Amino acid sequence: MTLIPSRRSFIKKAAISAFAFHYIPDLIGKPSASDKVRVAHIGVNGMGTNHLNWFTKLPEVQTVALCDVDSNHLAKAKNVLLGHKPNQKVDTYDDFRRILDRKDIDAITCATPDHWHAQIAIMAFQAGKDVYGEKPLSYTVKEGQMMLASMNANKKVFQLGNQIHAGDNYHRVVELIQGGAIGKVKKVRLWKAGEPPVIENASYQKVPSELNWDMWQGPAPERDYFPERCHFTYRYFMDYSGGVFQDFWCHIADIVWWSISPEKLKSIDAKGIVSPGVGDTPLEISIDYKFKGLDIQWTSKAPDVPGAAGKHIGAYFEGTKGTLLCDYGSKEIRLDGTVLKDIDSIPITLERSPGHQQNFIDSVKNRVQPESNLAYAREMTLPMHLGLISWKLGRPLKWDYKKELFKGDTEANALLFREYRTAYNWI
């Protein structure tokens, strides 16, 4: 079937191509289309193991280095790699700076806890590496601004690890909404059901010998160690992340920013309660965002709208002609009481992804920004940070979208960045 480029799709691709031409004219020293892309993985537990599995299977990729502050994770990851490629030589490190020092590495992936994402990416750009970075993009608003400036200044490539973006379902939802299936969208309801685990007590103990706890904390405030504060459950502590809300925002907000590009955010009003126990992220949170001509609402429970019951995550678009409900793998259109799975008269306009990781590797070779590029990811991630700030302060906030500052609110503006711990202020 012939792909018919929509105006929005054409403009987006033209802008990306112009970026590549203007900012990346010199490709000397970068891998050619026939060369292997030499990749190193930083943070190799959990999602980092997925990175290793995904990229190692790509024929153009050579995995050359692994890094983690936990030696057990590092040993496990090395075994995973050797399971794919028994004869592969790979170097291991407990300090990511040693990877950035190497001139033979083209790109890194980063799957560390959230509070390290921005600084590692910025230092990688400065060291001449392209970056595939896990979501969320950054820990603070200012870090996202700093990342974009550094990537542009150093002429690098970045892909956000929101893998669902590559799926056919999201592509088709974008085509339907941009094709006018439900008319002009006036409101979107987003949700992610499920509460964080209740961590009842802090079981303070000696730091295990395999873990560099000081390095794990890095730029975050220094705290005494207990295992629930580390590794997977770190995300339920505001020192490092923002709980279920921050963990899932970009996966479902992605379809909104891709399909309708919300503009000119005016206000944010978040309400919710803190999780019981020693974790301090939201147990549940609801946020009302006011954009120009558009309302977006986030809730921790499925809204009372047709088709949403039982879905743990979703987006519900309300248009002038009908509604569209979607999650990661399904969609449902309602027009005048009729429920449709698709509308054949709306053409295919978007080129399908070769795979999220393959798209990044292609971009490294071709020097064109990938689908979930940094400029896009920053715009899409920004409201997440602002919602958490409104929740922390317990009051609505007015936003100046031109200056990217809260209006007349020194206290709120102070939360747009957190100073790095002195020993780890490396940028």
Side-chain angles (χ1 to χ4, degrees), residues 1-13 162-194 248-266 286-353 371-372 376 379-380 383-384:
M1 180 177 293
T2 302
L3 298 182
I4 306 170
S6 68
R7 180 177 180 274
R8 185 185 297 258
S9 168
F10 176 81
I11 290 172
K12 180 180 178 182
K13 289 190 175 184
N162 55 335
Q163 295 82 18
I164 298 151
H165 189 96
D168 182 75
N169 188 60
Y170 270 20
H171 282 72
R172 188 56 183 156
V173 169
V174 172
E175 289 166 342
L176 288 166
I177 290 175
Q178 293 183 1
I182 62 171
K184 183 175 178 57
V185 176
K186 297 292 187 179
K187 183 172 183 175
V188 183
R189 302 172 191 263
L190 301 174
W191 72 94
K192 171 64 181 81
F248 285 92
W249 165 269
C250 81
H251 283 316
I252 197 65
D254 180 27
I255 191 58
V256 181
W257 263 257
W258 190 4
S259 59
I260 61 177
S261 302
E263 293 182 318
K264 300 180 179 179
L265 177 62
K266 299 176 181 179
S286 62
I287 312 173
D288 289 308
Y289 297 97
K290 299 289 185 182
F291 293 82
K292 181 183 179 182
L294 175 70
D295 291 345
I296 295 179
Q297 182 182 62
W298 175 280
T299 54
S300 296
K301 297 179 181 178
D304 184 16
V305 296
K311 288 186 178 290
H312 72 93
I313 195 166
Y316 185 78
F317 296 82
E318 300 177 23
T320 54
K321 293 165 53 179
T323 64
L324 187 150
L325 170 72
C326 71
D327 56 15
Y328 297 162
S330 68
K331 58 190 177 299
E332 183 177 274
I333 308 146
R334 292 177 183 265
L335 300 175
D336 297 324
T338 301
V339 179
L340 305 169
K341 295 299 181 184
D342 206 338
I343 300 176
D344 292 340
S345 60
I346 293 181
I348 293 173
T349 56
L350 300 176
E351 182 179 354
R352 285 345 189 217
S353 174
E371 294 166 350
S372 287
Y376 169 78
E379 293 285 343
M380 183 259 291
M384 178 202 78

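None of these values were measured; they are calculated from a predicted model.
Between the side chain of W249 and the backbone N or O of M380 there is at least one donor-acceptor pair closer than 3.5 Å. The backbone N or O of K187 lies less than 3.5 Å from no partner atom in the side chain of D295, so there is not a single donor-acceptor pair. In terms of modelled atom types and a separation under 3.5 Å, the side chain of Y376 and the main chain of D254 share a donor-acceptor contact. At distances below 3.5 Å, not a single donor-acceptor pair connects side-chain atoms of Y316 with backbone N or O atoms of P303. In terms of modelled atom types and a separation under 3.5 Å, the side chain of N169 and the main chain of S330 share a donor-acceptor contact. Of the possible polar contacts, one joining the E175 side chain to the T349 backbone as a donor-acceptor pair under 3.5 Å is found.
What you find for L335 and K321 is that their closest heavy atoms are CD2-O, 3.6 Å.
Here D168 contributes atom CG and R352 contributes atom CZ; the two are 4.5 Å apart, rounded to the nearest 0.5 Å.
Heavy atoms from other residues, nucleotides or ligands lying under 6.0 Å from NZ of K301 number 12 at most.
Residues satisfying the salt bridge (charged side-chain N to carboxylate O under 4.0 Å, His left out) test with K311, not counting sequence neighbours, are D327.
Legend: ring pair (Phe, Tyr, Trp, His ring centres under 6.0 Å) pairs involving residues 168-191, not counting sequence neighbours, sorted by first then second residue: H171-W258.
Put simply, the side chain of K192 does not reach to within 4.5 Å of the side chain of I252, judged on heavy atoms.
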